Amino acid sequence: MTGRELEWSRGDRAKAAAKLMVGWVALLWLLEVVDVASGHALDGLGITPRTPSELVDVVPAAFIHFGFAHVAANSVPLLVMGFLAALGGLRRFAAVCALIIVADGLGVWLTAPAHTNTAGASGLIFGLFGYLLVTGFVERRPLGVLVGLLVGAVWGTSILVGLAPTQSGVSWQGHLLGLVAGVATAFVFKRRTPEPA
């Protein structure tokens, strides 16, 4: 592959990642518009813990928010971290997100306080943060390490605040479990470096 072909492939990958994440965030806003227009009918897709019928909401809950301020708070970090993670390939990114969403959702279902309703993309965001933070180290890729350090510098403080169990109305369990799932995902989807000939 020539340098120009490699450059084009990276450019195409970046465009695809950008389109995916803009579309993803747009979908979250559209769903909130529908939710408000329907009298918040979609809020019921959040996760109520330890109720067997709520297991079907584990995935939808990651796309539902409680108001436009909730969506706005999640939009920029999801857009940026999702874009960075998707640069590694869309199939891999889809698998990473699926594992984080399911693991985080099941964890919330098991551990959240009774009679609560948990929804939002923040569990995925915390997961992507953990994934980006450690992937470079796990795979021993200098560029990945740099990305992880930059993500940590920009969002590290916010992530720590989001893990505090003292905030009312915030699912610190979902944040913590998302973070743990993201770190674990970096190991699950570790790229194997080809052995030298």
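Note that this is a predicted model, so its numbers are computed, not measured.
Under the 4.5 Å side-chain heavy-atom criterion for Ile, Leu, Val, Met, Phe, Trp and Tyr, Tyr131 and Leu150 are members of distinct hydrophobic clusters. Clustering ILVMFWY residues whenever any of their side-chain heavy atoms sit less than 4.5 angstrom apart, transitively, puts Val59 in a cluster other than the one holding Val56. Hydrophobic clustering (ILVMFWY, side-chain heavy atoms < 4.5 Å, transitive): Val22 and Leu27 are in one cluster. At a threshold of 4.5 Å between side-chain heavy atoms, the hydrophobic network of Ile, Leu, Val, Met, Phe, Trp and Tyr places Val154 and Val151 in one connected group. Hydrophobic clustering of Ile, Leu, Val, Met, Phe, Trp and Tyr side chains at less than 4.5 Å, counting indirect connections, keeps Trp155 apart from Leu146.
Side-chain contact check for Phe129 versus Pro77: every heavy-atom pair is 4.5 Å or farther apart. Looking only at side-chain heavy atoms (C-beta outward), Phe66 and Asn117 come within less than 4.5 Å of each other. At a threshold of 4.5 Å between non-hydrogen side-chain atoms, the residues Leu163 and Leu179 count as touching. A heavy-atom distance below 4.5 Å is not found between the side chains of Asp104 and Leu124. You'll find the side chain of Val25 stays beyond 4.5 Å of the side chain of Val76, heavy atoms only. Proximity of His175 to Ser122: side-chain heavy atoms (C-beta onward) are separated by under 4.5 Å at one or more points. For the pair Phe68/Val33, a side-chain contact is recorded, criterion being any heavy-atom separation below 4.5 Å from C-beta on. Side-chain contact between Leu28 and Phe63 is present, with at least one heavy-atom pair separated by less than 4.5 Å.
The line from CG of Leu87 to CZ of Phe93 is 10.0 Å long, rounded to the nearest 0.5 Å. Atom CG of Leu176 and atom OG1 of Thr111 lie 8.5 Å apart (nearest 0.5 Å). Taking NZ of Lys19 as the reference point, atom CG of Leu90 lies at 11.0 Å (rounded to 0.5 Å). Of the inter-residue distances, the one linking Ile125 atom CD1 with Ile159 atom CD1 reads 8.0 Å to the nearest 0.5 angstrom. Residue Glu32 holds its CD atom at 7.0 Å from NE2 of His40, rounded to the nearest 0.5 Å. Put simply, CD on Glu139 and CZ on Phe187 are 10.5 Å apart, with the number rounded to the nearest 0.5 Å.
Here the closest non-hydrogen pair linking Pro49 and Pro113 is CG-O, 3.1 Å. The minimum heavy-atom distance linking Phe126 with Ser158 is given by the pair CZ-O, 4.5 Å. A pairwise comparison of heavy atoms in Val108 and Gly174 identifies CG2-CA, 3.5 Å as the closest pair. Of all heavy-atom pairs between Asp35 and Leu42, the closest is OD1-N, 2.8 Å. Heavy atoms only, all atoms of each residue included: Asn74 and His65 are closest at ND2-NE2, 3.1 Å. Shortest non-hydrogen contact noted between Val134 and Ala186 is CG2-CB, 3.4 Å.
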Between Leu78 and Leu128, is the side chain to side chain contact (heavy atoms under 4.5 Å, CB included) condition met? List the steps. CA-CA 8 Å; Leu78 179 61; Leu128 290 173; 4.0 Å; yes
Might you work through the side chain to side chain contact (heavy atoms under 4.5 Å, CB included) test for Met21 and Trp24, ending with a clear yes or no? CA-CA 5 Å; Met21 293 318 302; Trp24 192 319; 4.2 Å; yes
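A donor-acceptor contact shorter than 3.5 Å is absent between the side chain of Gln173 and the backbone of Ala112.
By the neighbour-count criterion of 12 heavy atoms within 6.0 Å, atom CZ of Arg92 is densely surrounded, having more than that number from other residues, nucleotides or ligands.
Apart from Val145 itself, the hydrophobic cluster it occupies contains Phe137, Leu149, where clustering links Ile, Leu, Val, Met, Phe, Trp and Tyr at side-chain heavy-atom distances under 4.5 Å.
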